[in-house]
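Structure, as structure tokens:
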Amino acid sequence: MIDIPELFTVADFCARYSIGKTSAYREVAAGRLKLRKYGTATRIARADAESWVASLPVIERGAA
């Protein structure tokens with residue numbers, strides 16, 4: 001059986017992680033987020049989205 005990753009549209013990714021499309025594409029341009037293309041469809045795999053979130057800096061309590 002083939003393991004097929006769950007894919008988000010860019011709009012779904014942005015809504016789920018509360019960022020704008022411009023910021024999402026900025027992350028792609030910086031190499032921190034991967035896009036997948038199938039024909040004209042642009043998608044972000046759940047695993048790539050979760051890796052992106054895990055790579056974000058953590059602000060320790062009282063440091064802000």
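With hydrogens and angles disregarded, a donor-acceptor distance shorter than 3.5 Å links the side chain of Ser51 to the backbone of Ala47.
Pairing each heavy atom of Arg36 with each of Ala45, the nearest pair is NE-CB, 3.4 Å.
Using cut-offs of 30° and 60° for the angle between ring planes, the Phe8 and Phe13 rings count as tilted.
Tested against Glu27 for a side-chain contact (heavy atoms from CB on, under 4.5 Å), the candidates Thr22, Leu33, Ile44 yield a single pass: Leu33.
Side-chain contact check for Arg43 versus Thr9: some heavy-atom pair is nearer than 4.5 Å.
Leu7 and Val53 fall into different hydrophobic clusters, where Ile, Leu, Val, Met, Phe, Trp and Tyr are joined by side-chain heavy atoms under 4.5 Å apart, directly or via other members.
In this structure, OH in Tyr25 is found 11.0 Å from CD1 in Ile19, a value given to the nearest 0.5 Å. Atoms NZ and CG, on Lys34 and Asp48 in that order, are 5.0 Å from each other to the nearest 0.5 Å.
Residues satisfying the salt bridge (Lys or Arg N to Asp or Glu O under 4.0 Å) test with Arg26, not counting sequence neighbours, are none.
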